[in-house]
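Notes for the one structure printed next.
Note that these values count all heavy atoms, side chains included, but never hydrogens, waters or copies made by symmetry. Along the sequence shown, residues are numbered consecutively beginning with 1.
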Amino acid sequence: MDSASEAAWVGLFSGGKDSSWALYRALEEGLAVRRLLTVHPAGDSYMYHVPETRLATLAAESIGIELVEVEPDDFDAGAAVDSGAQGDAELEPMEAALRDLSADLPLAGVTAGAVESDYQTSRIEAMCERLGVDLFAPLWQRDPRALADEMLDAGFEITVLQVAAAGLDESWLGRTLDAAAFDELERLGDEYGVHLLGEGGEFETFVTDGPHMDRPVELDYGTEWEGSRGRVRVTDARLGDPEES
C-alpha cells in the first residue's frame with residue numbers, strides 16, 4: 001500500500017506534554033500519523049487544553065506533520081450546568097473536522113494523551129466508535145511518575161504555561177519541568193492533591209523540544225497572575241536553530 005492510500009492516523013494535538021507524548025509514541029510504534037488536529041477554544045473548556053494553543057502551529061512545523069486547526073465558537077464553559085452535556089457539545093467540532101478529513105484521507109485512528117480522565121477518554125472512545133476508527137492512548141492508566149521520567153529520558157523539554165491549584169505559585173510559570181520539578185510536584189501532591197502530570201487541570205504545559213522535533217520552539221513571554229492562578233502570555237515564538245534540537 002503506498003503512502004497516498006495507506007490508512008492514516010490523526011494526532012489530537014495541543015502541543016502540551018501529554019498529546020506530544022502520545023504522538024511521539026505513535027511515531028515510535030510506526031503508526032502513519034499524517035495529520036495533527038488542534039482545537040483552539042475561544043474561552044474556557046472542559047475538554048481541551050486552553051493556553052497558547054497557537055504554539056501548536058510552530059510545533060507541527062518542527063515535527064513535520066500537517067496541522068488541521070479547528071476554530072469553534074466560545075464554548076461558554078463557565079455557564080455550563082451539565083458537565084456531561086458540555087463535554088459532548090465541545091467534542092462536536094473535533095468530530096466534524098475528523099469526518100471532513102475522512103472524506104479525503106482514509107482514517108485508521110486517532111492518538112490521544114489522556115492519563116486518568118474518564119471524562120475525556122470515554123467521550124473520545126465514543127467518538128472513535130462513531131467514526132469507525134481506533135484510539136491509540138499510550139498514557140492511559142500508566143503510572144504518572146514513570147511517564148514523567150520517560151518523557152525526560154526521551155529528551156522532552158517541557159514548559160509550564162498555566163497553573164491553577166493550591167501549592168503552585170507564580171514561580172511555576174515558564175518553569176521547565178525537570179526531575180527536580182517533578183520531585184516537587186510529588187510533594188505538592190501529598191500536601192495539596194496536585195496531580196503529578198496536571199491531569200486535573202492543575203497546570204498546563206507546552207513541549208518546546210523533543211526527539212520528534214527538528215527544531216526547538218523558542219519563546220518570549222510575560223506572566224499574568226490573578227489571585228491563586230496565572231498563565232504565561234507569549235509575546236513572540238519562533239523556531240530555533242536545528243542544531244539546538
Side-chain angles (χ1 to χ4, degrees), residues 7-23 26 31-61 63 65-140 161-162 164 198-201 204-207 231 234 237:
W9 287 77
V10 176
L12 305 182
F13 185 71
S14 67
K17 60 179 174 33
D18 298 337
S19 66
S20 296
W21 186 251
L23 169 64
L31 300 184
V33 182
R34 299 285 181 249
R35 297 289 188 277
L36 302 178
L37 191 153
T38 298
V39 176
H40 299 293
D44 288 338
S45 168
Y46 279 54
M47 284 293 297
Y48 303 109
H49 171 110
V50 173
E52 302 294 350
T53 57
R54 299 295 170 184
L55 295 176
T57 304
L58 283 175
E61 183 178 346
I63 294 164
I65 300 177
E66 183 176 337
L67 179 68
V68 176
E69 300 182 80
V70 179
E71 307 272 0
D73 295 331
D74 192 325
F75 292 129
D76 200 19
V81 295
D82 183 330
S83 63
Q86 180 71 20
D88 293 340
E90 290 188 12
L91 198 66
E92 290 174 2
M94 174 188 287
E95 185 168 341
L98 288 168
R99 289 190 185 280
D100 289 344
L101 273 174
S102 67
D104 300 316
L105 193 70
L107 295 186
V110 301
T111 73
V115 182
E116 296 175 3
S117 173
D118 286 315
Y119 181 87
Q120 291 180 321
T121 303
S122 64
R123 284 168 173 75
I124 294 173
E125 286 176 335
M127 177 188 73
C128 288
E129 289 180 7
R130 291 191 295 271
L131 294 171
V133 302
D134 293 329
L135 172 63
F136 181 73
L139 295 82
W140 182 243
L161 295 183
Q162 179 172 292
E199 182 76 350
E204 302 281 4
T205 63
F206 177 71
V207 175
R231 60 167 292 170
V234 172

With sequence neighbours excluded, residues passing side chain to side chain donor-acceptor pair (under 3.5 Å) with [X]:
{"X": "Glu129", "result": "none"}
{"X": "Glu116", "result": "His195"}
{"X": "Ser19", "result": "Ser14"}

Grab the two heavy atoms, one from [X] and one from [Y], that are nearest each other, plus how far apart they are.
{"X": "Ala32", "Y": "Ala7", "value": "CB-O, 4.0 Å"}
{"X": "Val133", "Y": "Gly109", "value": "CB-CA, 3.7 Å"}
{"X": "Gly11", "Y": "Val33", "value": "N-CG1, 4.0 Å"}
{"X": "Ala112", "Y": "Ile124", "value": "CB-CD1, 4.2 Å"}
{"X": "Asp134", "Y": "Cys128", "value": "O-SG, 3.9 Å"}
{"X": "Trp9", "Y": "Leu135", "value": "CZ3-C, 4.3 Å"}

Are any non-hydrogen side-chain atoms of [X] and [Y] less than 4.5 angstrom apart?
{"X": "Arg99", "Y": "Arg130", "value": "yes"}
{"X": "Thr111", "Y": "Phe13", "value": "no"}
{"X": "Glu52", "Y": "Arg231", "value": "yes"}
{"X": "Val234", "Y": "Phe206", "value": "no"}
{"X": "Glu199", "Y": "Asp18", "value": "yes"}
{"X": "Met127", "Y": "Leu98", "value": "yes"}
{"X": "Leu36", "Y": "Val10", "value": "no"}
{"X": "Thr57", "Y": "Leu67", "value": "yes"}

Kindly compute the distance separating [atom1] ([X]) from [atom2] ([Y]), expressed to the nearest 0.5 Å.
{"X": "Glu66", "Y": "Glu61", "atom1": "CD", "atom2": "CD", "result": "12.5 Å"}
{"X": "Arg35", "Y": "Leu12", "atom1": "CZ", "atom2": "CG", "result": "14.5 Å"}
{"X": "Phe136", "Y": "Leu31", "atom1": "CZ", "atom2": "CG", "result": "5.5 Å"}

Check your understanding: Where the side chain of Thr121 meets the backbone of Ala114, is there a donor-acceptor pair that is under 3.5 Å apart?
Key ->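 Side chain of Thr121 to backbone of Ala114, a donor-acceptor pair under 3.5 Å: no, none is there.
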Practice item. I would like to know whether Leu23 and Ile65 meet side chain to side chain contact (heavy atoms under 4.5 Å, CB included); could you show each step before the answer? Key: CA-CA 11 Å; Leu23 169 64; Ile65 300 177; 4.2 Å; yes
